[in-house]
Amino acid sequence: MAKSNKPIVWSLFAGGGMLSAFVTPVLIFITGLAVPLGLMSLDSLSYDRMLVLAQNPIAKIVLFAVIFLPLWHAAHRLLTTLHDLGLPKGRIAMTLCYGAAALGSIAAAVVLLRI
Amino acid sequence: MTEQTLQVEILRYRPETDQDPAFQTYTVPYRDDWVILDALNHIKDNIDRTLSYRWSCHMAVCGSCGMMINGEPKLSCHAFLRDYYPNKVRIEPLANFPIERDLVAVTDDFMEKLESVKPYVIPKQERAVDDGPHLQTPAQLNAFKQYTMCINCLLCYAACPQYGLTPNFVGPAALALAHRYNLDTRDAGREQRQEIAASNEGVWDCTFVGECSQVCPKSVDPAAAIQQTKIASTIDWYKALLNPWGKR
Amino acid sequence: MSRKPYLRKMPKSWWLAQRRYTSYMAREMSCVFIGAYSVLIVLGLYRLSQGRAEYGAFLEALQSPPSLVFHAAALVFALIHTVSWFSLAPKAMPLQIGEKKLSGGPVVLAHYAVWVVVSAGVLLVARI
Ligand code: SF4
Ligand code: FES
């Protein structure tokens, strides 16, 4: 049997799963609920603050990781879940899922570099 | 006092006459110390001699009496009527396997897969009897002991949706046994087993549903074995990437 | 005697057939929200790079009812992911001290402890 290259995507899946298990809930809570609902001050996400953050090189790396890893985690899980739901495993589904994750990662990198 | 009874609905399939399997209902006496297998034996002995099913030990050791009981894979010698009474019980052959006849499943596929992972100690060097015993400490034994408990009952395969969706998947018990020998200090056959275990059809078809470990009557925990094999195979892969001149 | 093994088909709705399969599917579905949230962060950063007005519009959009509904659902699924991830963690890291295999409980608890610390840390930073 052919040697598998699954370890590449699987390690991204596992790393992203670990990272988002720890940080995604609190991030969603802050940006999607607490600040918009006024539980936390709008200053938390203010333009000036976020700009300073996004311009800091270390924060750029952290932000990239927080986007990139969960994105690949999600893409890989989506692929297996589509299969669970009856879609045949194949090149098309694979290209769509991983391609979307690759595009998202590139977009994140470009935006972060240009801020 | 009238005798208490229980209704059991059994999926019957007689290949000579039946196009498709169909349910047949039997009424059996209810005893609170009976297991499903006792009810089947009662039917076979007293009601319908044509009913086919496998069993041998009646004590959760031989692994031959696995079947779907109310949709869950169970050893029929280990599932008590009292856990179902007074409701009707539905009995089907193990899911994800073809039906040979009535409750008898065709398990050849598993046998081939089991053989393919070389479930035996492959020593580094052949040892002669004169070399004496191959010693192992209790700690070394305990590292893999749980995986030796497998009785090949195939409940885990019947529970695994990935095996149902992808019949080529090597599956829980075979991968757990591969892991068992990989962890054995007397063994040096991991690389040979990885050919199968680390292939696409090996651990990578697993999505960690975890049902195999839920239904296993022997607490083997195949899901853990597979997860650990994924991690070890991933480390191998990165090692090979960093050291392309190494072996393999 | 000739054989005629009968093959049953796995129904497409297999994951509805049993409660544990359904919660597996809920866990897997968390990926839709986690992936979408990643895309949303990229979008926010893009709006940030465009300027104050554009970023302000993004913040305002976050206050719209559809956004709130999405984030509430996303939070639920993200929590499903977290809880299921932690509960399976011990399977990946078996612990043994001497002859004794350790139970997975402490590994799970350690994950929760780190999670609480990380979440509190992020909340603190956001408030400063
Ligand atoms: S791992 Fe458990 S469920 Fe699977 S065949 Fe072995 S004993 Fe049966
Ligand atoms: S009859 Fe042997 S395991 Fe049930």
Side-chain angles (χ1 to χ4, degrees), chain B residues 11 13-21 68 70-72 92-102 104-106 108-109 137-146 159 161-167 179 183 207-211 213-215 221-232, chain C residues 1-35 77-111:
Chain B
L11 193 68
Y13 174 63
R14 282 138 301 190
E16 321 66 49
T17 52
D18 298 352
Q19 205 52 42
D20 294 303
M68 306 300 286
N70 280 356
E72 285 216 36
E92 295 157 274
L94 281 181
N96 299 337
F97 291 99
I99 308 176
E100 181 74 52
R101 168 186 300 275
D102 296 342
V104 178
V106 185
D108 306 23
D109 179 55
T137 66
Q140 290 171 333
L141 170 66
N142 283 347
F144 63 82
K145 193 168 176 203
Q146 76 185 85
Q162 298 307 335
Y163 179 59
L165 291 164
T166 313
H179 190 58
L183 290 176
T207 58
F208 213 154
V209 180
E211 265 307 284
S213 299
Q214 290 283 341
V215 301
D221 204 351
I226 295 176
Q227 197 62 7
Q228 288 158 34
T229 305
K230 283 182 190 171
I231 293 171
Chain C
M1 219 195 308
S2 71
R3 294 177 57 193
K4 204 177 85 187
Y6 185 89
L7 266 170
R8 287 163 292 177
K9 261 200 115 157
M10 188 159 160
K12 279 226 160 89
S13 58
W14 61 267
W15 53 277
L16 288 172
Q18 211 219 82
R19 204 193 34 118
R20 286 200 300 266
Y21 288 146
T22 312
S23 42
Y24 159 78
M25 194 47 87
R27 176 192 101 189
E28 297 298 284
M29 278 302 165
S30 67
C31 76
V32 173
F33 292 92
I34 288 174
F77 277 92
L79 288 171
I80 290 176
H81 169 68
T82 299
V83 170
S84 59
W85 194 270
F86 291 173
S87 75
L88 295 178
K91 305 226 184 229
M93 14 182 148
L95 294 181
Q96 185 175 347
I97 294 181
E99 289 177 25
K100 254 188 83 109
K101 281 237 164 193
L102 302 187
S103 82
V107 175
V108 178
L109 277 180
H111 276 78

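Keep in mind the model is a prediction, meaning the values are calculated, not measured. Throughout, protein chains are lettered first and strands after them, A, B, ... in sequence-line order, and every chain is numbered starting at 1.
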Honestly, the part of B:Ala143 sitting under 4.5 Å from a heavy atom of chain C is both
For C:Gly98 and B:Ala139, the nearest pair of non-hydrogen atoms, with its separation, is O-CB, 3.4 Å
Honestly, the part of B:Val209 sitting under 4.5 Å from a heavy atom of chain C is both
If one checks every heavy atom of B:Ser213 against chain C at 4.5 Å, the contacting part turns out to be side chain
- Check whether any side-chain heavy atom of B:Pro98 lies under 4.5 Å from a side-chain heavy atom of C:Arg8, and answer yes or no. no
Within residues 77-91 of chain C, the residues sitting under 4.5 Å from chain B by heavy atom, in sequence order, are C:Leu88, C:Lys91
Heavy-atom side-chain proximity of C:Arg3 to B:Arg101 below 4.5 angstrom: no
I want to check something: taking the side chain as every heavy atom from C-beta on, are B:Pro161 and C:Met10 in contact at a cut-off of under 4.5 Å? yes
With chain B, the option among C:Lys101, C:Lys9, C:Lys100 that has the most non-hydrogen atom pairs under 4.5 Å is C:Lys101
Turns out that what part of B:Leu165 lies under 4.5 Å from chain C's heavy atoms comes down to both
Residues C:Ala92 and B:Gln228: closest non-hydrogen pair is O-CG, 3.8 Å
Could you walk me through whether B:Glu211 and C:Gln18 pass the side-chain contact (heavy atoms from CB on, under 4.5 Å) test, one step at a time?
CA-CA 11 Å; B:Glu211 265 307 284; C:Gln18 211 219 82; 3.8 Å; yes
Inset, instruction - Any chance you could lay out the salt bridge (Lys or Arg N to Asp or Glu O under 4.0 Å) test for C:Arg20 and B:Glu72, step after step, and finish with the verdict? - result: CA-CA 11 Å; C:Arg20 286 200 300 266; B:Glu72 285 216 36; 3.5 Å; yes
Item to complete: Take C:Tyr6 and B:Asp18 through the side-chain contact (heavy atoms from CB on, under 4.5 Å) test and state the conclusion after the steps.
Response: CA-CA 10 Å; C:Tyr6 185 89; B:Asp18 298 352; over 6 Å; no
Across all chains, not counting sequence neighbours, the salt bridge (charged side-chain N to carboxylate O under 4.0 Å, His left out) partners of C:Glu28 are A:Arg77
